[in-house]
Amino acid sequence: MAVQEELRPLVDLVGPGPSAPATVAGLDVAYAEGGDLLAAAVTVLDARTLAVVDSAVDVGRPAFGYVPGLFAFRELPALLAALDRLTTIPDLLVCDGHGLAHPRRFGLACHLGVVTGLPAIGVAKTPLVGVWDQPSAERGSWSSLRDGGEVLGRVLRTRDGVKPVFVSVGHRVSLENATAQVLALTPRYRLPETTRTADRLCRDALAEAEQAR
DNA sequence: GCGACAG
DNA sequence: ATCTTGTCGC
């Protein structure tokens with residue numbers, strides 16, 4: 001927690017970040033049943049066509065147990081290792097988890113952004129902190145995710161009539177731009193294409209690693 | 001003190 | 001995160 005408090009001031013919450021990124025990266029991690037093995041994946045997509053143009057994986061051991069609020073310490077090492085293996089530097093990182101919408105305002109997306117220096121946003125499937133009203137059913141509608149007086153992010157409907165996602169700023173991106181980027185990445189499914197391709201890749205990499213042992 | 005709790 | 005079973009809808 002002290003590490004998070006120390007790094008938090010380095011977060012750029014203003015951005016606004018790239019309005020028309022050339023490439024966008026998705027990051028995700030898969031775990032073996034025993035919890036003793038993990039595979040982290042990064043996929044880089046052409047922001048216009050959403051085709052995967054680069055990718056990398058890292059297979060290893062979890063660096064930390066799963067503790068809500070300290071999630072980054074579990075996945076960051078492997079994600080950074082995978083990022084190091086990319087041959088391109090993406091214009092935006094789309095993380096599977098929260099950014100600002102965190103108990104100490106320093107979730108995975110903020111941590112990854114500060115450590116890499118790259119623009120980053122968080123897209124989580126479930127809430128961690130904050131209260132919100134249900135956004136209307138149409139894709140594109142959203143409501144503010146709040147905690148006390150502060151706005152931590154947005155509850156965004158990415159598909160008509162489908163459970164919304166939780167979008168928050170990570171680093172060097174405005175909340176407005178983060179919302180726009182997520183909508184651009186969800187032409188067909190609830191979750192961003194970046195998350196979907198990274199999820200598929202880390203699952204495949206994990207299966208391969210389990211087969212090899 | 002008790003419940004909630006990204007993945 | 002992972003596993004299981006069934007149901008709904010394109």
Side-chain angles (χ1 to χ4, degrees), chain A residues 1 3-4 7-8 11 25-43 57-82 93-115 120-132 137 139 145-148 152-156 158-171 175 178 182 186-192 194-211:
Chain A
M1 289 189 275
V3 171
Q4 295 179 328
L7 295 179
R8 182 175 55 179
V11 173
L27 305 94
D28 194 22
V29 178
Y31 297 85
E33 288 180 64
D36 57 328
L37 194 68
L38 65 75
V42 184
T43 52
V57 300
D58 178 67
V59 174
R61 326 271 306 177
F64 207 85
Y66 170 65
V67 181
L70 299 176
F71 179 55
F73 295 98
R74 180 167 172 79
E75 300 198 339
L76 250 180
L79 289 172
L80 289 174
L93 303 181
V94 179
C95 305
D96 191 26
H98 298 281
L100 228 209
H102 173 276
R104 288 168 294 285
R105 312 300 182 249
F106 195 73
L108 175 66
C110 296
H111 207 142
L112 212 39
V114 165
V115 170
I121 65 174
V123 180
K125 298 178 283 296
T126 61
L128 175 59
V129 292
V131 296
W132 69 96
R139 160 178 158 87
L145 175 63
R146 292 196 177 82
D147 191 12
L152 302 183
R154 287 178 182 176
V155 182
L156 177 67
T158 55
R159 304 298 309 162
D160 287 358
V162 170
K163 181 179 172 184
V165 297
F166 298 76
V167 178
S168 60
V169 167
H171 184 54
L175 182 54
V182 172
T186 51
R188 176 139 192 216
Y189 298 101
R190 176 192 178 221
L191 298 179
T194 38
T195 300
R196 291 170 47 79
T197 53
D199 178 77
R200 184 58 166 273
L201 180 56
C202 66
R203 282 178 196 264
D204 288 349
L206 179 66
E208 194 176 314
E210 288 184 299
Q211 198 72 277

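Letters A, B, ... mirror the listed sequences (proteins, then strands); counts begin at 1.
In this structure, A/Pro127 reaches the sugar-phosphate backbone alone: every heavy-atom distance under 4.0 Å involves primed, P, OP1 or OP2 atoms, never a base. As judged by a 4.0 angstrom heavy-atom cut-off over every strand, A/Tyr31 is placed among residues touching the sugar-phosphate backbone only. Among the protein residues, A/Gly69 comes within range of the nucleic acid bases, having at least one heavy atom under 4.0 Å from a base atom. Among the protein residues, A/Leu38 comes within range of no part of the nucleic acid, since none of its heavy atoms lies under 4.0 Å from any strand. A/Leu206 comes within 4.0 angstrom of nothing in the nucleic acid, heavy atoms only. As judged by a 4.0 angstrom heavy-atom cut-off over every strand, A/Ala30 is placed among residues touching the sugar-phosphate backbone only.
Of the N and O atoms on the side chains of A/Thr186 and A/Thr158, not one donor lies less than 3.5 Å from an acceptor on the other residue. Donor-acceptor pairing under 3.5 Å is recorded for the side chains of A/Tyr31 and A/Glu75.
Under 4.0 angstrom from either OP1 or OP2 of B/dA6 there lies no side-chain N or O belonging to A/Arg74. Taking side-chain N and O atoms only, A/Lys125 has no distance below 4.0 Å to OP1 or OP2 of B/dA6. Proximity of A/Thr126 to the phosphate of B/dG7: a side-chain N or O atom is located under 4.0 Å from OP1 or OP2.
Taking atom CZ of A/Arg203 as the reference point, atom P of B/dG7 lies 13 Å away to the nearest angstrom. Summarising the geometry, the separation between CG on A/Asp36 and P on C/dT2 is reported as 13 Å, rounded to the nearest angstrom. In this structure, A/Leu145 places its CG atom 13 Å from P of B/dA6, rounding to the nearest Å.
For the pair A/Arg196 and A/Tyr189, the cation sits on the ring face: its NZ or CZ lies under 6.0 Å from the ring centre, inside 45° of the axis.
Classification of the A/Phe166-A/Trp132 ring pair by plane angle, with boundaries at 30° and 60°, yields perpendicular.
Checking B/dG7, C/dC3, B/dA6 against every side-chain atom of A/Glu33, the shortest atom distance belongs to C/dC3.
Ring stacking holds between A/Tyr66 and B/dG7, with the centres under 5.5 Å apart and the planes within 30 degrees of each other.
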